[in-house]
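Right, one structure below, let's go through it.
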Amino acid sequence: MTKPDFTQMTRQELKAYIRQHPTDDEAIRELFIKRRSPDAKIYPFPYNMTKEELTDIFRPKNTN
C-alpha cells in the first residue's frame, strides 16, 4: 500500500487520515510539527523548567 503525499493534503484531509491511521507517525509529524503556525508559542520541555515557571503556565488567567 502506498502512503498518500501528506504535503499535498489539506489540513482537514490530513486530520481525517490521522483519525483513520492514528499510529502513522509521519502523518502526525506533518500535521503537528511541519504545519505548526510560526506564531505559535513554544514552551520548553517541563523537565527543563522550574516549579515557578510551570505554575505560571498552568495558573488560571483570571486569578491574581
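Positions are given from 1, in the same order as the sequence printed here.
- Cluster membership check: F6 does not share its hydrophobic cluster with I33, using side-chain heavy-atom separations under 4.5 Å among Ile, Leu, Val, Met, Phe, Trp and Tyr.
- Under the rule for a side chain to side chain donor-acceptor pair (under 3.5 Å), T23 has no partner lying at least two apart in sequence or in another chain.
- Between R59 atom CZ and L54 atom CG the span is 11.5 Å, to the nearest 0.5 Å.
- The nearest pair of heavy atoms linking T10 to E13 is N-OE1, 2.8 Å.
- The distance from atom NZ of K15 to atom CD1 of I18, rounded to the nearest 0.5 Å, is 9.0 Å.
- Atoms CE and OG1, from M49 and T55 in turn, are 9.5 Å apart once rounded to the nearest 0.5 Å.
- With sequence neighbours excluded, the residues that form a salt bridge (Lys or Arg N to Asp or Glu O under 4.0 Å) with E26 are K3.
- Listed by chain and residue number, F45 satisfy the ring pair (Phe, Tyr, Trp, His ring centres under 6.0 Å) test with Y47 (two or more places apart in sequence, or in another chain).
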